Amino acid sequence: MKDGFSLRWTPVHGPMRKFVFEPQLEGEYAWARIEFELCESQWREVGIEYLEELSVVSDDRNETTPSHAQPHLNGGDTHE
């Protein structure tokens with residue numbers, strides 16, 4: 001199982017995009033949020049932001065805080 005998770009979407013205008021959330025096990029911050037866009041069949045990194053905390057809130061308002069050792073979510077996605 002890979003650490004971290006990703007979210008993908010296709011905007012009304014523009015190329016498909018995704019956020020990849022990766023735990024930073026030995027870094028100053030807990031997580032990195034890396035943004036990519038699909039460009040000619042390749043994912044191109046367009047931004048990165050470091051996060052002190054990360055939580056996921058579902059539609060029913062249940063909140064989950066992924067841990068470093070075993071994140072609760074896994075999108076099975078890579079930086080293709």
Side-chain angles (χ1 to χ4, degrees):
M1 179 166 108
K2 293 185 180 286
D3 293 337
F5 62 96
S6 66
L7 303 170
R8 288 190 196 186
W9 70 95
T10 303
V12 174
H13 302 288
M16 181 182 279
R17 300 181 80 82
K18 72 178 174 180
F19 286 145
V20 176
F21 294 87
E22 292 184 343
Q24 304 296 292
L25 300 176
E26 302 199 16
E28 180 180 350
Y29 297 101
W31 291 87
R33 181 196 49 81
I34 309 164
E35 185 174 357
F36 294 87
E37 68 179 14
L38 194 60
C39 181
E40 298 180 7
S41 301
Q42 298 275 64
W43 287 108
R44 179 175 68 104
E45 184 177 326
V46 295
I48 187 167
E49 179 179 19
Y50 293 98
L51 312 170
E52 292 182 8
E53 295 181 17
L54 178 66
S55 62
V56 178
V57 180
S58 66
D59 288 343
D60 60 4
R61 307 273 187 218
N62 289 329
E63 187 169 334
T64 302
T65 302
S67 70
H68 286 298
Q70 294 186 352
H72 296 298
L73 301 175
N74 183 359
D77 205 358
T78 62
H79 302 264
E80 309 158 343

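Just so you know, residue 1 is the first one in the sequence shown, and it goes up from there. Note that the structure is a prediction, hence the values are computed from the model and not measured.
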Trainee: At their closest point, which heavy atom of A30 faces which heavy atom of E52, and how far apart are they?
Mentor: CB-O, 3.3 Å
Trainee: Hey, any chance L7 and V46 share a hydrophobic cluster, counting ILVMFWY side chains that come within less than 4.5 Å of each other, even indirectly?
Mentor: no
Trainee: Run the side-chain contact (heavy atoms from CB on, under 4.5 Å) test against T10 and tell me which residues pass, sequence neighbours left out.
Mentor: M16
Trainee: Answer yes or no: is there a side-chain heavy-atom contact under 4.5 Å between L54 and F5?
Mentor: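 Contact flag for L54/F5 side chains = yes.
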Trainee: Quick one: ring pair (Phe, Tyr, Trp, His ring centres under 6.0 Å) partners of Y50, sequence neighbours excluded?
Mentor: none
Trainee: Name every donor-acceptor pair, under 3.5 Å, that has one atom in a side chain of residues 33-41 and the other anywhere in the protein, sequence neighbours excluded.
Mentor:
{"from": "R33", "atom 1": "NE", "to": "E49", "atom 2": "OE1", "distance (Å)": "3.4"}
{"from": "R33", "atom 1": "NH2", "to": "E49", "atom 2": "OE1", "distance (Å)": "2.9"}
{"from": "E35", "atom 1": "OE2", "to": "R17", "atom 2": "NE", "distance (Å)": "3.1"}
{"from": "E35", "atom 1": "OE2", "to": "R17", "atom 2": "NH2", "distance (Å)": "2.6"}
{"from": "E37", "atom 1": "OE1", "to": "R17", "atom 2": "NH1", "distance (Å)": "2.7"}
{"from": "E37", "atom 1": "OE2", "to": "R44", "atom 2": "NH2", "distance (Å)": "2.1"}

Trainee: Excluding sequence neighbours, so at least two apart, what forms side-chain contact (heavy atoms from CB on, under 4.5 Å) with D59?
Mentor: none
Trainee: When clusters are formed by joining ILVMFWY residues with side-chain heavy atoms under 4.5 Å apart, either directly or through shared neighbours, do W9 and F21 land in the same one?
Mentor: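 W9 and F21: one cluster.
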Trainee: Report whether W31 and V56 are members of the same hydrophobic cluster (ILVMFWY, side-chain heavy atoms less than 4.5 Å apart, transitive linking).
Mentor: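 Linked within one cluster.
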